[in-house]
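Computed from a predicted structure; not experimentally measured.
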Amino acid sequence: MEEVQLTKREIDVIVLIAQEYTTKEIADELLLSTHTVESYRKILISKLNVRNLAGLTKYAVINELYKL
């Protein structure tokens, strides 16, 4: 399987998702609009070939972007 390259901003978003931040909280933390956060979320789900936010969180933990 080919390794997926994530940008720093994509990593920032996925880590905050794993920490249970809401879209609004992520937007405020990263100084983005909520629409932009939603776009990142959709791109990450597609790029990482996962089905939902639980899949993004699982990816973050497995790839040591976030520790429980």
Side-chain angles (χ1 to χ4, degrees):
M1 181 164 32
E2 195 174 311
E3 184 177 331
V4 176
Q5 294 295 317
L6 299 178
T7 66
K8 172 160 180 4
R9 189 57 101 184
E10 288 172 335
I11 292 170
D12 292 342
V13 170
I14 201 170
V15 167
L16 292 173
I17 289 170
Q19 293 175 345
E20 299 184 51
Y21 277 54
T22 66
T23 298
K24 173 85 171 95
E25 290 169 337
I26 294 170
D28 291 346
E29 182 76 20
L30 300 179
L31 304 176
L32 300 171
S33 73
T34 55
H35 178 75
T36 301
V37 173
E38 287 296 332
S39 293
Y40 272 115
R41 192 180 315 243
K42 289 176 188 174
I43 289 167
L44 284 165
I45 286 171
S46 176
K47 199 177 203 182
L48 300 175
N49 197 30
V50 298
R51 295 178 48 178
N52 51 37
L53 296 182
L56 290 178
T57 301
K58 183 177 171 183
Y59 178 90
V61 171
I62 289 170
N63 290 280
E64 298 181 355
L65 300 175
Y66 176 72
K67 294 185 186 209
L68 296 176

Legend entry - Set of residues satisfying side-chain contact (heavy atoms from CB on, under 4.5 Å) with respect to Lys24, sequence neighbours excluded: Thr22, Asp28, Thr34
Side-chain donor-acceptor contacts of residues 4-19 below 3.5 Å, not counting sequence neighbours, with atom names and distances?
from  : atom 1 : to    : atom 2 : distance (Å)
Thr7  : OG1    : Glu10 : N      : 3.0
Lys8  : NZ     : Asp12 : OD1    : 3.1
Lys8  : NZ     : Asp12 : OD2    : 3.3
Glu10 : OE1    : Thr7  : N      : 2.9
Glu10 : OE1    : Lys47 : NZ     : 2.8
Glu10 : OE2    : Lys47 : NZ     : 3.1

List the atom pairs, donor and acceptor, that lie under 3.5 Å between side-chain atoms in residues 58-68 and the rest of the protein, sequence neighbours left out.
from  : atom 1 : to    : atom 2 : distance (Å)
Asn63 : ND2    : Tyr59 : O      : 2.9

Legend entry - Point-to-point distance, once rounded to the nearest 0.5 Å, from CG of Leu53 to CZ of Arg41: 5.0 Å
Legend entry - Spacing of Leu32 atom CG and Ile26 atom CD1 [to the nearest 0.5 Å]: 9.5 Å
Legend entry - Over 12 non-hydrogen atoms of neighbours within 6.0 angstrom of CG in Asn49: no
